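Shown next, in structure tokens, is the structure this report addresses.
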Amino acid sequence: MKSRLLFFVLIAFQYSIQSFCQIQTQFFPVQESVRFGIHSLPNSVSLRTHKIIPELNMKLVLVEDSIEVIRGFIRPYRFGIGNNVSIDIMREGTIYKIGDSTHLVYKIFSKNARNIHLKFDRFTLDKKTSLIIYNAEKTMLYGPMTYENNALNNVFWTDLIKGERIILRLSTYGEFGEINDLHISNIVQGYRGDSVEKDGIYVGGASQTCEKDIKCAEGIGWHSEARAVGMLLMHDNNGDARFGTGSLINNTAQDFKPYFLTAFHNLDKDNSLTLSSTESTQVTNWIFRFLYVSTTCASGVESSNYITFNGSSLRAANQQSDFALLELNNRPIGINYAGWSRSSAIPTIGAGIHHPSGDVKKISKNSQVVNSSLFTFSNGVTTQPDTHWQANWSVGVTEPGSSGSPLFNGENQIVGQLHGGPSACGASQLWDLYGRFDV
């Protein structure tokens, strides 16, 4: 059975229904911030820091990360540390008026954080109220969020807001209605993996130097498939944040049901090789980021905007081939659906597309694909025969954060998702294992 890549056609009716469910992140020069909805506060309003999060003990954090590597855990790439808090935004924010509108602002500071993102355990907005979040430099804006983003379980995670100071601004016409309820239960301090600001622009480069941007020559012929690949922002129960990768995937009904293929081990947080009820339901609060690429080949500069979606449900999973199939809560607009092949024949030479170490989208080319026999990972997990493809790389490699990313054959169809392997820039073994899609 084979399925071709599907392009999502922008139909006016669909767009009117779905557009507010996806949230855009925008970057822009400071002088343009007013045009994007970030206005200056009235002189009578003093924007004090409402919440200060203690600086991370980076020595301890890096030791914890090193222990994971030494013990051989197959775990997604950690980039942020969660802090449990209890913040009632509607009660604790600073309120001011501009004409007929009412606004509320709340400022959070986390010293030396590369980024900050938030967990709302109560997130309810009425139809006339919107929320934006931006950094103190006014170079990045996330939102707006509206009542369309109200979650059934009331839980809402934001994407990453760059910098150590972020500002939440709630706006409404007239007065705030009683239905509005915003409560933050966790603030995540990002310490690696994200881009940093240099001379007013955000430069990535968290991945290894031999990786190739999808915008480079190696990406020619793969741009349509790349638009189906998305970055995962995943959270442990304590709020710690990790990166992964996956892909929107077509189905035989071709009805745009938003299935997302990734790795089983992205869900298996305790490495037990089974999924508990908690692990199965954690995907409800995952963030899916699409169109996260560099502006040009090897520039390291992020594109001016990308799109994020909140939440999904687990539809199927199996440890043997290390796959998990999710269904996003909302149907993406302007994102492609990748095709696939469940042929058991050895795939023709193709490519892997992924987000290594939380970096902008990269492409790796393989020189050969073979059927993998028994392989034992450093944590003792053994793959069974005929469950994985081994991709031997001629261009690029994979890294932590690439887990769950698709392997495409020469016909541009998914034939597997990344489990792991020894590849690294300059390594003697330049290959990785992908769970076979046909399995």
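Given the structure is predicted, the values throughout are model-derived calculations rather than measurements.
Looking at S357 and D359, their side chains never bring a donor and an acceptor atom within 3.5 Å of each other. A donor and an acceptor atom, one from each side chain of S110 and Q189, are located under 3.5 Å apart. No side-chain donor from either of H355 and S405 sits under 3.5 Å from a side-chain acceptor of the other. Using modelled atom types and a 3.5 Å distance limit, the side chains of H388 and H419 yield a donor-acceptor pair. For the residue pair T278/S276, the side-chain donor-acceptor check at 3.5 Å is not satisfied. A side-chain donor-acceptor contact under 3.5 Å links T102 and K97. In this structure, a donor-acceptor pair under 3.5 Å is present between the side chains of T172 and T129. Neither side chain, N366 nor N392, offers a donor N or O lying under 3.5 Å from an acceptor on the other. N154 and T124 share a side-chain donor-acceptor pair at under 3.5 Å.
Judged by distance alone, with hydrogens and angles left aside, the side-chain atoms of N318 form no donor-acceptor pair with the main-chain N or O of F323 at under 3.5 Å. No donor-acceptor distance shorter than 3.5 angstrom exists from the side chain of Q319 to the backbone of F264, with no hydrogens or angles considered. A donor-acceptor pair under 3.5 Å links the side-chain atoms of R227 to the main chain of G334, judged by distance alone. The backbone N or O of S272 lies less than 3.5 Å from a partner atom in the side chain of D268, making a donor-acceptor pair. A donor-acceptor contact shorter than 3.5 Å links the side chain of S423 to the backbone of T398. A donor-acceptor pair is defined here as one N or O able to donate and one able to accept, closer than 3.5 Å; no such pair exists between the side chain of S247 and the backbone of I249. A donor-acceptor pair is defined here as one N or O able to donate and one able to accept, closer than 3.5 Å; no such pair exists between the side chain of N135 and the backbone of E164. Of the possible donor and acceptor atoms, one in the side chain of N310 sits under 3.5 Å from a partner among the backbone N and O of W157. For N186 (side chain) and L118 (main-chain N/O), no donor-acceptor pair under 3.5 Å exists by modelled atom type.
With sequence neighbours excluded, the residues forming a side-chain contact (heavy atoms from CB on, under 4.5 Å) with C425 are Q208, C210, V397, listed by chain and number. Applying the side chain to side chain donor-acceptor pair (under 3.5 Å) criterion to S277, with sequence neighbours excluded, gives no partner residue. Taking the salt bridge (charged side-chain N to carboxylate O under 4.0 Å, His left out) definition, one finds that D432 meets it with nothing, sequence neighbours left out. Partners of A298 according to the side-chain contact (heavy atoms from CB on, under 4.5 Å) rule, which considers only residues two or more places apart in sequence or in another chain, do not exist here. Taking S86 as the reference, H183 meet the side chain to side chain donor-acceptor pair (under 3.5 Å) condition, with sequence neighbours excluded. For A351, the side-chain contact (heavy atoms from CB on, under 4.5 Å) test picks out W222, I363, K365, with sequence neighbours left out. Scored by the side chain to side chain donor-acceptor pair (under 3.5 Å) test, T94 finds H50 as partners (sequence neighbours excluded). By the side chain to side chain donor-acceptor pair (under 3.5 Å) test, S101 is found to be paired with H103, residues two or more places apart in sequence or in another chain being considered. Among residues two or more places apart in sequence or in another chain, the side-chain contact (heavy atoms from CB on, under 4.5 Å) test is passed with S364 by E211, H354, W393. Every residue two or more places apart in sequence or in another chain was checked for a salt bridge (charged side-chain N to carboxylate O under 4.0 Å, His left out) with K111, and none qualifies.
Ring-plane geometry between W286 and F288 is classed as tilted, the angle between the planes lying from 30 to 60 degrees on a 0 to 90 degree scale. Using the six-membered ring where Trp is involved, W431 and F375 have ring planes that are perpendicular, over 60° apart on the 30 and 60° scheme. Classification of the F309-F290 ring pair by plane angle, with boundaries at 30° and 60°, yields perpendicular.
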- Task: Apply side chain to side chain contact (heavy atoms under 4.5 Å, CB included) to I214 and H223, showing your working.
- Result: CA-CA 7 Å; I214 193 68; H223 290 169; 4.0 Å; yes
- Show your working on side chain to side chain contact (heavy atoms under 4.5 Å, CB included) between Q282 and M234 and close with a plain yes or no. CA-CA 8 Å; Q282 66 186 318; M234 305 171 288; 6.0 Å; no
- Item | side chain to side chain contact (heavy atoms under 4.5 Å, CB included) between L104 and I89, worked out | CA-CA 9 Å; L104 179 150; I89 296 296; 3.5 Å; yes
- Go through L131 and F123 one step at a time and tell me if the side chain to side chain contact (heavy atoms under 4.5 Å, CB included) criterion holds. CA-CA 11 Å; L131 171 68; F123 188 97; 4.0 Å; yes
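Closest heavy-atom contact between L314 and L326: CD1-CD2, 3.7 Å. Contact record, P332 with L248: CG-CD1, 3.7 Å, taken as the closest heavy-atom pair. Smallest separation of non-hydrogen atoms from P422 and A427: O-CB, 4.1 Å. Between H117 and D159, the closest heavy-atom pair is CB-O, 3.1 Å. Residues A391 and Y434 come closest through the heavy atom pair CB-CE1, 4.0 Å. When all heavy atoms of N251 and K257 are compared, the closest pair comes out as ND2-CB, 3.7 Å.
The line from CD1 of I81 to CE of M58 is 8.0 Å long, rounded to the nearest 0.5 Å. Here NZ of K162 is found 9.0 Å from OG1 of T139. Values are rounded to the nearest 0.5 Å. The CG atom of L182 sits 5.0 Å away from atom CG of L125, with the distance rounded to the nearest 0.5 Å. Separating the CG atom in N83 from the CD1 atom in I184 is a distance of 12.0 Å, to the nearest 0.5 Å. Note: K215 NZ to S294 OG = 6.0 Å, rounded to the nearest 0.5 Å. Residue L267 holds its CG atom at 12.0 Å from OG1 of T274, rounded to the nearest 0.5 Å.
Taking the six-membered ring wherever Trp is involved, the centroid distance between the rings of F437 and W340 falls below 6.0 Å. Residues Y134 and Y142 place their aromatic rings such that the two centres sit no closer than 6.0 Å.
Contact check on K361 versus D213 returns no salt bridge, with no Lys/Arg side-chain nitrogen under 4.0 Å from an Asp/Glu carboxylate oxygen.
Under the 6.0 Å distance and 45° angle rule, R242 does not count as a cation-pi partner of Y77. Annotation: cation-pi geometry not satisfied between K128 and Y173 (NZ/CZ under 6.0 angstrom from ring centroid, within 45° of ring axis).
Residue-environment remark: CG (L47) exceeds the threshold of 12 foreign heavy atoms within 6.0 Å.
Among residues at least two apart or in separate chains, there is no salt bridge (charged side-chain N to carboxylate O under 4.0 Å, His left out) pair with a member in residues 51-62. Sorted by first and then second residue, the salt bridge (charged side-chain N to carboxylate O under 4.0 Å, His left out) pairs with a member in residues 77-94 read E64-R78, D65-R78, R78-D240, D88-R91, D88-R122; sequence neighbours excluded.
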